[in-house]
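Quick note on labels: first sequence line is chain A, next is B, and so on, each numbered from 1. Remember, it's a predicted structure, so these values are computed and weren't measured experimentally.
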Amino acid sequence: MNKILIIIHREYLSRVKKRSFIVMTILGPILLAALVIVPVFIAQMSDKEKTISVVDEKGIFYNAFPNTENIKFEYSALKIIDAKNNFDSTDYYAILYIPADFVSKPSTAALFSNKQPSITVKQYIENILKKELETMKLSSSGIDKNVLKSIETNINLATIKLKGKGLEEKGNTEISTILGMFSGILIYMFIFMFGTQVMRGVIEEKTSRIVEVIISSVKPFQLMIGKITGIAMVGLTQFLLWILLTFAIVTFFQTLMPNTFNFKNTENPIIGNSKIMNQEQMLQLNEETQYKNQGMRDIIESIGNIDFGVMIFSFLFYFLFGYLLYAALFAAVGSAVDSEADTQQFMLPITAPLIFGLVASQFVINNPEGPVAFWLSIIPLTSPIIMMVRIPFGVPIIEIVLSVTLLILGFLFCTWLAAKIYKTGILMYGKKVDYKELWKWLTYRS
Amino acid sequence: MNIFQAENVTKRFANHTALNKVSIAVPSQSIFGLLGPNGAGKTTLIRIINQITGPDEGTLFFNGEKLQPHHVSLIGYLPEERGLYKKMNVGEQALYLAQLKGISKQDALTKLKYWFEKFEIQSWWGRKVEELSKGMQQKVQFIVTILHNPKLLIFDEPFSGFDPINVNLLKDEILQLRNNGATIIFSTHNMSSVEELCDYIALINKSKKILDGSVKEIRTRFKQNIFEFELSNIKIDLKDIASNKFQILTESTEDHITKVRIKTTAGNSPNELIQHILPNAEIHTFHEIIPSMNDIFISQIEGYMEENN
């Protein structure tokens with residue numbers, strides 16, 4: 001037992017101290033954090049406050065343009081010619097010109113600027129003009145504004161999980177999908193990354209011939225288990241460091257630029273300026289805000305309803321046992337060959353179920369309760385990926401118990417199988433090994 | 001007292017038998033040569049002693065007890081195919097391998113320091129193994145093999161890859177180890193080093209042991225009553241003394257000294273031969289030709305081949 005610890009110690013330290021591990025540990029969270037930060041950052045980048053001067057010849061659009069966080073409107077009494085001539089001496093971003101005959105000829109309105117105005121500004125103004133004009137036209141043909149209001153409909157189907165005994169829980173299919181796919185891909189990545197590390201480690205020991213010295217001190221099984229465990233700990237370390245560092249980086253940026261990451265504000269950019277709006281606009285905006293708030297609340301509520309304890313625990317379990325099962329097989333492959341180039345023929349039966357699991361997860365996500373999802377989350381070779389995809393959608397306890405039991409049994413069986421191949425393989429040099437040969441090794445008496 | 005003993009050990013692989021009822025006895029505090037052509041089964045026997053593989057039949061004894069897993073800490077093994085982790089520091093690696101043999105880290109550090117100083121390789125401690133030459137790696141591995149003061153040491157071709165100076169250094173170390181109480185099983189194809197170092201040998205061919213015993217005894221056993229003289233002022237033709245008792249094998253003259261090899265028939269003492277020579281020539285040297293291990297090795301293996309064909 002003590003010797004296994006010595007082996008684990010070496011396998012762990014020699015990898016954690018490697019430059020590639022440190023680089024991956026630092027790069028991983030930066031990439032992950034970038035996924036969160038960069039889109040927000042880019043969205044806010046060009047958001048210098050822009051003031052637009054409105055030259056409205058008839059004055060019917062006075063105060064029709066609600067200010068946003070980044071676009072402010074000032075209503076000018078100047079003639080358009082003067083406004084244009086004075087443009088350079090002002091700080092205006094652009095001049096919005098609404099001529100007197102705008103209502104009859106909508107295409108006469110124009111936006112003057114000394115540069116190409118941004119598409120957001122253009123679309124924002126277009127939308128408001130369009131809405132105002134439509135309202136005007138509708139009321140002139142006798143349709144009441146309130147009737148119109150009541151026709152406008154927004155639909156977002158709430159998904160609610162029944163938890164039995166009349167208990168309900170608000171779910172969010174999108175979030176479950178993202179979470180499920182993300183965990184599935186992560187498990188796949190980790191099994192692959194660290195499984196091949198086990199294989200490389202075994203090949204390294206075999207080709208450098210140090211294995212003969214080591215197994216004159218310890219049993220081959222101890223060496224194999226020590227190596228697999230050591231590398232599992234490397235994987236867990238990397239995973240935890242990624243989570244911690246990602247969290248640290250995001251928090252750092254949040255405190256550095258509180259406004260950029262204050263999601264509540266960006267969701268309701270208009271509410272602060274409601275003073276200057278007329279009653280109706282305010283009503284309308286409030287309703288929009290309310291709708292948006294409702295969506296946000298739903299998301300927050302359903303995130304809150306996801307049991308992260310269960311998620312993290314099951315992730316760690318399926319990662320660990322999925323990895324252990326595959327790592328044993330990878331070790332067996334490594335022991336049977338003389339160099340990494342020879343691994344091809346033995347890799348296929350190992351990588352095929354892994355890749356199949358990843359591909360199948362796309363279908364499982366669309367029907368997490370179907371028979372395909374059920375069977376793939378029970379069979380040990382695919383269950384680590386598929387079960388993780390299913391768990392955010394809620395899986396009956398009995399299926400989880402079945403899946404967990406079979407995975408543990410599968411792990412024990414694979415380790416037993418791999419140990420038999422490993423024991424013989426590490427001492428075989430310069431022999432072209434095929435499946436027939438592997439079968440012979442399996443049937444050797446110890 | 002035998003430190004190691006194998007009785008009727010048989011090991012079969014799928015297609016062939018690697019060892020067929022092999023029995024050897026390795027006396028304590030001796031150097032024991034394990035000889036045989038390539039593929040004879042030496043490596044399999046060594047692996048069985050190291051408990052890397054188990055025998056199909058037969059019993060093994062270590063120091064009078066049945067061979068058990070805990071005995072590995074009393075055995076040191078230097079395999080023919082040397083190997084260390086290429087990317088690992090020399091020092092860390094030596095510590096790791098020593099700890100696997102069951103000595104504490106502190107103990108290992110003290111001992112490693114002693115040996116690194118003795119071999120004058122302290123400066124290698126922090127270097128990666130891949131930066132060392134092959135001979136340097138061999139030295140490190142030698143130290144690792146003997147570090148835990150094993151009672152039984154197994155060296156498989158220990159001198160391959162060393163220059164003559166380091167071969168001598170190693171030979172001295174091996175003799176020193178034996179004098180300090182260790183027993184060495186020594187597998188090699190280099191017969192002159194067998195004569196120089198080994199006290200006992202066993203010869204294995206085609207999975208069977210065909211010869212064993214002490215080196216002196218074996219060489220005496222295989223001597224063929226051949227005597228060599230160096231003579232001058234020969235008054236007769238040497239062929240005249242040839243008779244049914246004496247047979248001249250070779251005769252050559254250089255700088256007035258004639259070298260002659262004479263075989264006597266069994267039961268004839270060399271004194272009688274000298275009596276024949278003495279009146280007729282001046283004797284400068286006289287000695288009996290004892291067969292070299294090399295000759296015995298070749299004659300035994302070839303004889304065995306002929307018998308079995």
Distance check, rounded to the nearest 0.5 Å: A/Leu13 atom CG versus B/Glu92 atom CD? 8.0 Å
In this structure, are over 12 heavy atoms from other groups packed under 6.0 Å from A/Phe192 atom CZ? yes
Taking B/Ile52, B/Val72, B/Ile75 one by one, which has the highest count of heavy-atom pairs under 4.5 Å against chain A? B/Ile52
Starting at CG of B/Leu84, measure out to CD1 of A/Ile210 and round the result to the nearest 0.5 Å. 5.0 Å
What part of B/Arg47 lies closer than 4.5 angstrom to a heavy atom of chain A: side chain, backbone, both or neither? side chain
For A/Ser208 and B/Lys86, what are the C-alpha separation, side-chain angles and deciding distance, and is it a side-chain contact (heavy atoms from CB on, under 4.5 Å)? CA-CA 8 Å; A/Ser208 75; B/Lys86 292 193 171 53; 3.8 Å; yes
When you look at NZ of B/Lys208, are more than 12 heavy atoms from neighbouring residues, nucleotides or ligands closer to it than 6.0 Å? no
Note, A/Lys423 side chain near B/Thr53 side chain (heavy atom, < 4.5 Å): no
If one checks every heavy atom of B/Gln137 against chain A at 4.5 Å, the contacting part turns out to be neither
Should we count NE2 of A/His9 as having more than 12 external heavy atoms under 6.0 Å? no
Among A/Leu223, A/Ile7, A/Asn2, which residue meets the side-chain contact (heavy atoms from CB on, under 4.5 Å) test with B/Leu100? A/Ile7
Greater than 12 external heavy atoms within 6.0 Å of B/Glu120's CD: no
Looking at B/Lys101 and A/Ser216, would you say the former's side chain and the latter's main chain have a donor-acceptor pair under 3.5 Å? yes
With only heavy atoms counted, which part of A/Glu204 is less than 4.5 Å from chain B, the side chain, the backbone, both or neither? side chain
Does B/Lys171 have more than 12 heavy atoms from other residues, nucleotides or ligands lying within 6.0 Å of its NZ? yes
CD of B/Gln106: more than 12 outside heavy atoms within 6.0 angstrom? no
Would you compute the distance between atom CZ of A/Arg10 and atom CG of B/Leu95 and round it to the nearest 0.5 angstrom? 13.0 Å
Residue selection (most heavy-atom pairs with chain B, distance under 4.5 Å) from A/Leu427, A/Val218, A/Ile214: A/Leu427
Would you compute the distance between atom OG of A/Ser217 and atom OH of B/Tyr77 and round it to the nearest 0.5 angstrom? 11.5 Å
May I ask you to check whether over 12 heavy atoms, not counting those of B/Lys118, lie within 6.0 Å of atom NZ? yes
So do the side chains of B/Gln99 and A/Lys3 get within less than 4.5 Å of each other, counting heavy atoms only? no
Looking at chain B, which one of A/Glu205, A/Arg209, A/Lys219 has the largest number of heavy-atom pairs inside 4.5 Å, strictly under? A/Arg209
Check this for me: A/Tyr435, atom OH, are more than 12 non-hydrogen atoms of other residues, nucleotides or ligands nearer than 6.0 Å? yes
From the list B/Pro79, B/Ser73, B/Gly102, B/Gly83, the residue making the most non-hydrogen contacts under 4.5 Å with chain A is B/Gly83
B/Arg82 vs A/Val213, side-chain contact (heavy atoms from CB on, under 4.5 Å): CA-CA, chis, key distance, verdict: CA-CA 8 Å; B/Arg82 314 294 150 69; A/Val213 176; over 6 Å; no
